[in-house]
Each structure stands twice: as structure tokens, then as C-alpha cells.
Amino acid sequence: MTTADSSLPAWFPLKKASQHAGEFSLFFFRFLKEAVRPPFEGRVFLQQCFKVGNKSLGLVAITAFIMGLVLTLQTRPSLAGFGAESLLPGMVCVSVIREIGPVITAVICAGKISSRIGAELGSMKVTEQIDAMEVSAINPFHYLVVTRVLATTCMVPLLVIFADAISIFSSFLAYNIHGDITITRFFDMALSKLEWIDIFPSIIKSIFFGTAIGIIGCYKGFRVAGGTASVGTAANAAVVTASLVIFFIDMIVVQITDIL
Amino acid sequence: MKMEPIETVEPVVRIQGLNKTYNGQKVLNGVDLCIGKAENVVVLGKSGSGKSTLIKCMVRLSEPDEGSISIMGKDIVKINYQELNALRVKIGFLFQNGALYDSMNVHDNLAFPLRHHRKHLGKEKLNAMISEVLENVGLPEAGNKMPAELSGGMSKRIGLARTLMLKPSLMLYDEPTSGLDTATSKEINQLILDMQRKYQISSLIITHDIACAKMTADRIVMLRDGAIVAAGTYDELNKSNDEWIKSFFN
């Protein structure tokens, strides 16, 4: 520790953390303010939706497929032991839609999208592209941040729905490795256990996950200062922070759903 | 010392008592500077002398601590964000590396400011303007290229072309010849002169390249440790007996 460091109070790490929290809050409130202010960059928003949605489809599909398959294969022996194998489709469906689908998809998106946004904006910052936008009287926050965060907010819930569908389908395939059931019967059994209270919180939390993934990526990218090394750091920090925040949001939503 | 522009009309830029401190270190120390209509002023100084900070303060990429910066009659330190943006449209800024948007091709880079500030422009008119500007910077065939495919000199030319799209009255050049070979530097310097003559643009050129200063400057201002220490034409400063000034010219 240097002499200067030793003069700092013991709670210094907390001070730094609260400084970050303050800066992030200001960044988030600025997003809320700018999101409702014209002009609306429709074209850029759609481009971002394509990048976030379409380009993540493959990864989300593979993950969701494996998720449903593994969940079914691992749960089946236990349920079969109790003679409750017929409950398997419903159990997989509820657990995928309520919890596993949204959380796993959001974590995958945090890795793919948040890091991409962080690195993209970070490199724009170090190569003065954001400054170039600013001096040409184009609001970079509006153009870069608002469009990206709105795109992730819209696309992550859609990706979650897509992942849920793939998971349930792969569960049907896994169920048929040892059994023999038609797809209609499987989906009947699966969906009969599903209630609105399972679907609604899942969609709501997916929207929050999407916002978190976008805003954290943008925040980390906009804060980049210095050389290209800091771009990598920003991308990494975006993934770690977004993943952590996803679990926090999940915890809060589960608590609220529990109360309801 | 000649701080005033050559012409006697109201200057395009008038900077008075500009101070800026970073982390307790004074980067700009009472800078006074004027730029006249269609005048090229070169700010010459070594690395770390405050040149880039000065130019960034002029478009408020960096907020000055003290002093006033009047551009086309408006004090940019005091105006609000909307007024600042209205003024920024009239100011072109060429960044050191061109700062081209690397997700867009050259055509879209050039169209970008127009799509935001001249929304009424039709596609044909837009394309005609882009072709004209590309012609002006000597790269008529570059429209479909991506920034990654351009050389350093080409990036600067396209960067210059992009700033010219909005027909600025004032151009700010941040090290326009840094990292370029002598021949390409000459071409860029010639472009700066062409733009001044063709569009009557006033320019502030930040550099430590004496060849650039010699070729483009109507007047040279020398910056040392954030303060202006000498000003005059190239020939006047070249005759100076001051050792520090002579170190640039020799």
C-alpha cells in the first residue's frame, strides 16, 4: 500500500462501489429521460434488434435444446422411482418457463450481447468515434445507448419464449428415448400444469433482464478510458456485472411472486 | 506578439483568458487567441503543451475552468446544449485518426451527418453531395470501402470529407499530418489550403509538424506549458532568437 492509500479510510472499497452505483444510476436515469425524447432512431433500433435477436438465435437454441434434454433425462429416473413419470412433462414445462428458461437465456445473452455492446462502444470511445458524433451535434447517448437498450429490452423476452419452446420440444425428444408418446399428448400434459402465474412473472423478469443486459453493456462501454486494453476490461466487466445483476433481479422477482 | 487576426472584421473565434486544470496540473494557462474570417491559424507546440485540450475546449468536449470562447459571436461556455449543437453544426472537427465510424462504409459515414441535420434532402441530392465532397478530397471511388480498408492518409481525407458535408464555417484540425509520410502530409496540407480558398473556411490547425505549419499557416501561435509564448507569421518566428522557438524551426 502506498502512503497515499494508507491515508484512505477503512471503508474505501465501499466508497468506490457507491461511486459506481451513483454513476450507474445517473446513466440509467439519463436513459429513461432520453428514451422518450424524439427523434426516434427507428432504423438503428431495428438493426440492433436484428443483431441482438437473430444473431443470438443459434446459441440460444442449442443451449435451450440441451437444457430441456438434460433436465428430462436426469429427472426421469427419480420420478419413475415414485411411479410419477406422467408428471414429467408438466414439471419440465413449469421449471423451464418459470426459472430455467429466462435465467439461462439471459446469462447466455449477457455473455454474447452485453460483452459485444461493451466492446463495441468501448472501441468507439477510444477511437474518438463517440466524440466525432458529439461534435457533429448528434447525441451519441440517444443514438447508441437508447437504441441498444431498447433493442435488448424487446428482444430478450422473445429469445426467452423461443428458448422455452425449444426446451420443451427437446424434453419431448428425451422423453421418447425411453417412452412412446405423441407430441400432442406430451404438450397437453405439459401445458395442463401451466398457469398464468407461471408465465407472467417470467415475461416480466425477461424484460428486466433485457434492460439490464443492454444498459450494463452500454455503461461499461461508455466508461472506457485510455487505450485498447481497457476495451477488453470493459467487455469482461459487462459480462460479469450483467450476469450478477440477472441473478439479483431473479431473486427479487421470485420473492415478489412468492408474496403474490 | 500578434494575437489578433490579420483582418480587422469581427473574428470568427475569440478566446480570452482560457484556463483548464487536469488533476491539479494546469494544462491551459490564460490562453488568448483570435481567428479571422478565412484565416488559417496554426497552434504549434510540443506534446503535452495543451494543444489538444485547447481544441477540445472549443467544441466543449472538455469543459474549460475559466475564460470565454466566442465562436461566431456566441460564447460556447455559456450556451445551453441545444444552442451548442446548433453551433457545432457550423464547426468541422478533423480528429487525429479520422474517427470514421467503422461499422459504416465511406458513403454512409459521409451521409451520417446529413441524415441527421438535413432530413429533407432527397437520395439523389445526398448522393450528389457525397460525390462532390469525395471528388474534392481526391477519392471519388472510395464510397463503398469500409474504414478498415483505408490507409492513414485516406482515412484523414474521408474524415475531412465528412466534416465538409455540413459546409462548416470553422474547421478544427487535430494533428492533421501525424503518422503520415511526407508526400501524403503534403497532400493533406494542400487539401487544407484548398478548402480554405474554395469555401472561405477559417481554420485552427493543431500540430507539431513544422512543414505543415509552414505550408498552411497564415499565422502561427506557439504554445508552451499551456500558455501562448509567441505568435506571428512563419517568417517572423523563423527569425526569432529564442532557443525554444528555434528548436522547432531548425
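Keep in mind it's a predicted model, so treat the numbers as computed, not measured. In what follows, chains are A, B, ... by sequence order, proteins preceding strands, each numbered from 1.
Other residues, nucleotides and ligands contribute only 12 or fewer heavy atoms inside 6.0 Å of the CZ atom of A:Phe169. Counting heavy-atom neighbours within 6.0 Å of A:Phe222 CZ, excluding the residue itself, gives a total above 12. Sparse packing is recorded around CZ of A:Phe200, with 12 or fewer heavy atoms of other residues, nucleotides or ligands lying under 6.0 Å away.
Using a 4.5 Å cut-off on side-chain heavy atoms (C-beta onward), B:Leu61 and A:Val135 make contact.
Applying the side-chain contact (heavy atoms from CB on, under 4.5 Å) test to A:Ile66 and every residue at least two apart in sequence or in another chain returns A:Ile62, A:Val70. Every residue two or more places apart in sequence or in another chain that forms a ring pair (Phe, Tyr, Trp, His ring centres under 6.0 Å) with B:Phe95 is listed here: B:Phe93.
Residue B:Leu84: no heavy atom, backbone or side chain, is found under 4.5 Å from chain A.
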Any idea which donor-acceptor pairs are under 3.5 Å between chain A and chain B?
{"from": "A:Glu41", "atom 1": "OE2", "to": "B:His116", "atom 2": "NE2", "distance (Å)": "3.2"}
{"from": "A:Gln129", "atom 1": "OE1", "to": "B:Asp102", "atom 2": "N", "distance (Å)": "3.2"}
{"from": "A:Gln129", "atom 1": "NE2", "to": "B:Asp102", "atom 2": "OD2", "distance (Å)": "3.2"}
{"from": "A:Met133", "atom 1": "N", "to": "B:Tyr101", "atom 2": "OH", "distance (Å)": "3.4"}
{"from": "A:Glu134", "atom 1": "O", "to": "B:Arg88", "atom 2": "NH1", "distance (Å)": "3.2"}
{"from": "A:Glu134", "atom 1": "OE2", "to": "B:Tyr81", "atom 2": "OH", "distance (Å)": "3.1"}
{"from": "A:Glu134", "atom 1": "OE2", "to": "B:Arg88", "atom 2": "NH1", "distance (Å)": "3.1"}
{"from": "A:Ser136", "atom 1": "O", "to": "B:His117", "atom 2": "NE2", "distance (Å)": "2.6"}

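Sorted by first and then second residue, the salt bridge (charged side-chain N to carboxylate O under 4.0 Å, His left out) pairs with a member in residues 100-112 of chain A form an empty list; sequence neighbours excluded.
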